[in-house]
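Taking it in order: structure first as structure tokens, then the write-up.
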Amino acid sequence: MKRIEDLWKEAGVRNPVSLQRGGCAPVRPGKKHRVNVLALGDVGRTVLLGLKLLGGDVISSIGICDLSAENLQRLEMEMNQISYPFEEAGSLPQVTPVAEEQLFDCDVFVFCASKGVPPLGSQGDVRMAQLEANKELISRYGKMAADTRFKGLVAVVSDPVDPLCKTFLTSSGLVPSQIQGYGLGVMNARALYFAGKDQRLAHYREEGRAFGPHGEDLVIADSIVHYDDELSKELTALTVNANVAVRELGFKPYIAPAISSAAISILLTLRGAWHYSSLYLGDENTGAFLGIKNRMEADGPDYEDLPLPEALYERINKAYRHLLTLK
């Protein structure tokens, strides 16, 4: 049976970049971190709320940056008016506005900025429609990270997550272990949602896995123990189209992604716990960010590398090869 490492080997990569760097992880699992969030629109505000409410154990402070001074003033007031009634019940991280030039004075930089978000009623994969506009935007911040010699973790939340991670890597010159894409968490959560409604898919909760990008090349495996290709593709289709169902109701589907993919998954990263996010697989010339189950260790990210049934491997390989073509 093939494994994840065969993806890059078959793509011609002979000397892959190591994600583990001898005790030099971009964050310290289990310790408290300073987090800065860029752009507080619908997604950014929801990510901020999730980090504020759930992150007291691994976040010491949250900086916020946005073009609107009024938005920052409002969020500073409202977020810092969220607290437990008594100190012994638990402390929540303080939220403070930061200037753009201070964005990389932190341990974790969360990129939620976006240009040209497709309106309701847009057809096709709306995530990929944002690629060109957001590439230009994220490159600007990649150069800022390079100028400040940023040593922490970059968490890319904006769509399309995986190609934008690659753009940030190229524009910043950071090492691949410093950059992760947070889009796959909600795909797993959506798969769990649909699996909970169909007894044929109930085993996904214990045996299933999600792989690949946050979009049409997503791969959901119903089981890594007894893989069923037909069932897996059925569950994948339900998962990929879940955002369309919300759009058809007249709403933008940002709440679940902001919490499941971003807030929860970023916090699990900081805790050193298993979660879903995108890691770089490849060398300095050929490679892509691929969503996979992984965790942050003292040396850097480590991913689950199970033997894969042939049909499942080919689905993941197809997704990886497509990601390699995106520049």
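Keep in mind that this is a model prediction, so the values were computed, not measured. Only heavy atoms go into these numbers, but all of them, side chains included; no hydrogens, no water, no symmetry mates.
- Atom CH2 of Trp8 is separated from atom CG of Asn15 by 9.0 Å, given to the nearest 0.5 angstrom.
- Checking Asn188 against Tyr204 by side-chain atom types alone, a donor-acceptor pair falls below 3.5 Å.
- Thr286 places no side-chain N or O within donor-acceptor distance of the main-chain N or O of Val13, the cut-off being under 3.5 Å.
- Note that the CD1 atom of Ile264 and the OG1 atom of Thr269 stand 11.5 Å from one another [nearest 0.5 Å].
- Within the structure, every pair that satisfies the ring-ring contact (aromatic ring centres under 6.0 Å, His included) test and touches residues 261-310, not counting sequence neighbours, is listed here: Tyr280-Phe289.
- In terms of the side chain to side chain contact (heavy atoms under 4.5 Å, CB included) criterion, residue partners of Asn71 (sequence neighbours excluded) are, by chain and number, Leu40, Arg45, Asp66, Ser68, Arg74, Leu75.
- In this structure, Asn36 and Val110 have side chains that are not in contact, with every pair of non-hydrogen atoms separated by 4.5 Å or more.
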### Task
List the steps, then state whether side-chain contact (heavy atoms from CB on, under 4.5 Å) holds for Asp162 with Lys166.
CA-CA 7 Å; Asp162 312 274; Lys166 183 69 176 292; over 6 Å; no
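- Looking at every heavy atom in both residues, Pro29 comes nearest to Ala298 through CG-N, 4.4 Å.
- Counting heavy atoms from C-beta on, the side chains of Leu174 and Phe168 come closer than 4.5 Å.
- Residues satisfying the salt bridge (Lys or Arg N to Asp or Glu O under 4.0 Å) criterion with Glu5, sequence neighbours excluded, are Lys9.
- Inter-residue side-chain proximity for Ile292 and Glu304 is flagged as unmet; no heavy-atom pair is nearer than 4.5 Å.
- Taking every heavy atom of both residues into account, Ala210 and Leu184 meet most closely at O-CD2, 3.7 Å.
- Under the side chain to side chain contact (heavy atoms under 4.5 Å, CB included) criterion, Ala11 pairs with Tyr320, Arg321, Leu324, sequence neighbours left out.
- Distance alone, capped at 3.5 Å, is enough to place a donor-acceptor pair between the Asp305 side chain and the Ile4 backbone.
- How far OG of Ser139 is from CG of Asn134: 10.5 Å, rounded to the nearest 0.5 Å.
- One distance of note links CG of Asn80 with CD of Gln94; it measures 4.0 Å at 0.5 Å rounding.
- Scanning both residues, Leu267 and Gly50, for their nearest heavy atoms gives CD1-O, 4.3 Å.
- Of all heavy-atom pairs between Met296 and Gly300, the closest is SD-C, 3.6 Å.
- Side chain of Lys52 to backbone of Pro93: a donor-acceptor contact under 3.5 angstrom is found.
- Using a 4.5 Å heavy-atom cutoff, the side chains of Ser177 and Gln20 are not in contact.
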Which pairs of donor and acceptor atoms, one on a side chain in residues 144-156, lie under 3.5 Å apart (sequence neighbours left out)?
from   : atom 1 : to     : atom 2 : distance (Å)
Thr148 : OG1    : Met144 : O      : 3.0
Thr148 : OG1    : Ala145 : O      : 3.2

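- Scored by the salt bridge (Lys or Arg N to Asp or Glu O under 4.0 Å) test, Glu297 finds Arg295 as partners (sequence neighbours excluded).
- Within 6.0 Å of atom CZ in Arg3, more than 12 heavy atoms from other residues, nucleotides or ligands are found, so the atom counts as buried in its surroundings.
- With Ser60 contributing its side chain and His33 its backbone, the two residues share a donor-acceptor pair below 3.5 Å.
- Listed for the Ser265 side chain is a donor-acceptor partner under 3.5 Å among the backbone atoms of Ser260.
- With values rounded to the nearest 0.5 angstrom, Leu231 atom CG is found 8.5 Å from Leu235 atom CG.
- For Leu67, the CG atom sits in a loose shell: 12 or fewer heavy atoms of surrounding residues, nucleotides or ligands are nearer than 6.0 Å.
- Residue pairs meeting the salt bridge (Lys or Arg N to Asp or Glu O under 4.0 Å) criterion with at least one member in residues 25-40, sequence neighbours excluded, are Arg34-Asp105, Arg34-Asp107.
- At least one side-chain heavy atom of Leu92 sits less than 4.5 Å from a side-chain heavy atom of Tyr84.
- A search for side chain to side chain contact (heavy atoms under 4.5 Å, CB included) contacts involving Lys233 returns Asp229, Arg315, not counting sequence neighbours.
- Residue pairs meeting the salt bridge (Lys or Arg N to Asp or Glu O under 4.0 Å) criterion with at least one member in residues 55-65, sequence neighbours excluded: Asp57-Arg271.
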### Task
Show your working on side-chain contact (heavy atoms from CB on, under 4.5 Å) between Leu323 and Asp217 and close with a plain yes or no.
CA-CA 9 Å; Leu323 288 167; Asp217 283 334; 5.8 Å; no
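- Shown here are the side chain to side chain contact (heavy atoms under 4.5 Å, CB included) partners of Ala113, two or more places apart in sequence or in another chain: Leu38, Ala39, Phe111, Leu137.
- Looking at Ser277 and Asn294, their side chains do bring a donor and an acceptor atom within 3.5 Å of each other.
- Within the 4.5 Å cutoff, side-chain heavy atoms of Leu131 are placed close to those of Leu164.
- Under a 3.5 Å cut-off, the side chain of Asn241 and the backbone N or O of Val244 do not form any donor-acceptor pair.
- Clustering of Ile, Leu, Val, Met, Phe, Trp and Tyr by side-chain heavy atoms under 4.5 Å joins Leu306 with Ile224, Val225.
- Scanning both residues, Gly215 and Met187, for their nearest heavy atoms gives N-CE, 3.7 Å.
- Within the 4.5 Å cutoff, the side chain of Tyr193 has heavy atoms near those of the Lys197 side chain.
- Note: His214 NE2 to Ser261 OG = 5.5 Å, rounded to the nearest 0.5 Å.
- Of all non-hydrogen atoms in Thr236 and Val219, the two that sit nearest each other are OG1-C, 4.2 Å.
- Contact check for Ile64 versus Val95: side-chain heavy atoms found under the 4.5 Å cut-off.
- Tyr313 and Glu10 share a donor-acceptor pair across their side chains, judged by distance under 3.5 Å alone.
- Shown here are the side chain to side chain donor-acceptor pair (under 3.5 Å) partners of Asp299, two or more places apart in sequence or in another chain: there are none.
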